[in-house]
Amino acid sequence: MSYAVSVKNLHVSYYGNEAVRNVSFTIEKKNLVGIIGPNGAGKSTLLKSLLGLIPKDKGEVQLLGKNIQEVRKQIAYVPQRSNIDWDFPITVIDTVLLGTYPALGLLRRPRKKEKEWAYECLKKVGMESFSKRQIGELSGGQQQRVFIARALAQKAEMFFLDEPFVGIDVTSEEMIVTLLKELRDKGKTVLVVHHDLSKATSYFNELILINKELVGCGAVEEIFRPELMTKAYKSQFPMFQEIGVSV
Ligand code: ADP
Ligand code: MG
């Protein structure tokens, strides 16, 4: 059986500065995984590098036992909200329809079947009554729900999300977490970059803890322990060194 994610000795740098150093881990399928670590720890860099969106210096990455190029259609990615141009003129339903394009191929236009499916996905995030609205008119939480609907429309095997809960309301956050747990329970693999430690144990069943290097990867109970958390966070919060982290 192949792993959902397999990473060996991964190094990634920007202009000669290492952001991810010698990271190795494996993730099995059917897991909801939090990628945690302090600011600037390389969480987004790791995610983008797994997706082949930025070049790696060295190392091997396999998704679903294959190179990213071979499985791209099976991977849905929800980038950080701050990296999206919200002034781009596109309606909610068309944003979700974009999720059906990988399966359609570039030259085919979506038809009734795809439009109905996109609408179904909007319903799953409670946004069907907004289908004709411009994406830029929505609140942060509503925009994020539309992006989750687009990811669902893709019928992917794996879902990668970067800080999906930043700048959104509590109702949207709870709805998204519930959906991600459902996807996991159906056998999908979900990786989420996340910085709010207070929710880490209730949202995820596995954690990848990094601070440039890998500090730990495994079940939440194994990773969310004072020794490992202190190791990862001490550079950001020196007081952790003396008192340890209460978990
Ligand atoms: P995190 O997501 O954990 O906050 P990042 O992966 O965004 O961390 O960044 C890791 C390190 O790489 C940081 O020191 C950051 O300043 C640097 N970095 C990130 N993106 C770029 C970029 N496009 N160009 C140069 N340096 C970058
Ligand atoms: Mg980040």
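Both ligands and their constituent atoms are indexed starting at 1 by order of listing. What you see is a predicted model; the values in this text were computed from it and never measured. One-based numbering along the sequence shown.
- A side-chain donor-acceptor contact under 3.5 Å links Q144 to the backbone of P164.
- No salt bridge links E227 with K231; every basic N to acidic carboxylate O contact stays at or beyond 4.0 Å.
- Residue pairs satisfying the side chain to side chain donor-acceptor pair (under 3.5 Å) criterion with at least one member in residues 173-194, sequence neighbours excluded, are listed as follows: E157-K188, E173-Y203, R184-N205.
- Closer than 4.0 angstrom to ligand 1 lie heavy atoms from Y14, Y15, A19, P38, N39, G40, A41, G42, K43, S44, T45.
- Residue pairs meeting the salt bridge (charged side-chain N to carboxylate O under 4.0 Å, His left out) criterion with at least one partner in residues 17-45, sequence neighbours excluded, are E18-R21, R21-E213.
- Protein atoms of type N, O or S found under 2.8 Å from the Mg ion (ligand 2) total 1.
- Residue Y14 qualifies as enclosed at atom OH: its count of foreign heavy atoms under 6.0 Å is above 12.
- Around the NE2 atom of H11, the shell of radius 6.0 Å holds more than 12 heavy atoms that belong to other residues, nucleotides or ligands.
- Side-chain atoms of T95 and R150 form no donor-acceptor pair, as typed in the model, at a separation below 3.5 Å.
- For the pair K155 and W117, the distance from NZ or CZ to the six-membered ring centre is under 6.0 Å and the angle to the ring normal is within 45 degrees.
- For the residue pair R81 / Q143, a side-chain donor-acceptor distance below 3.5 Å is found, with atom types taken as modelled.
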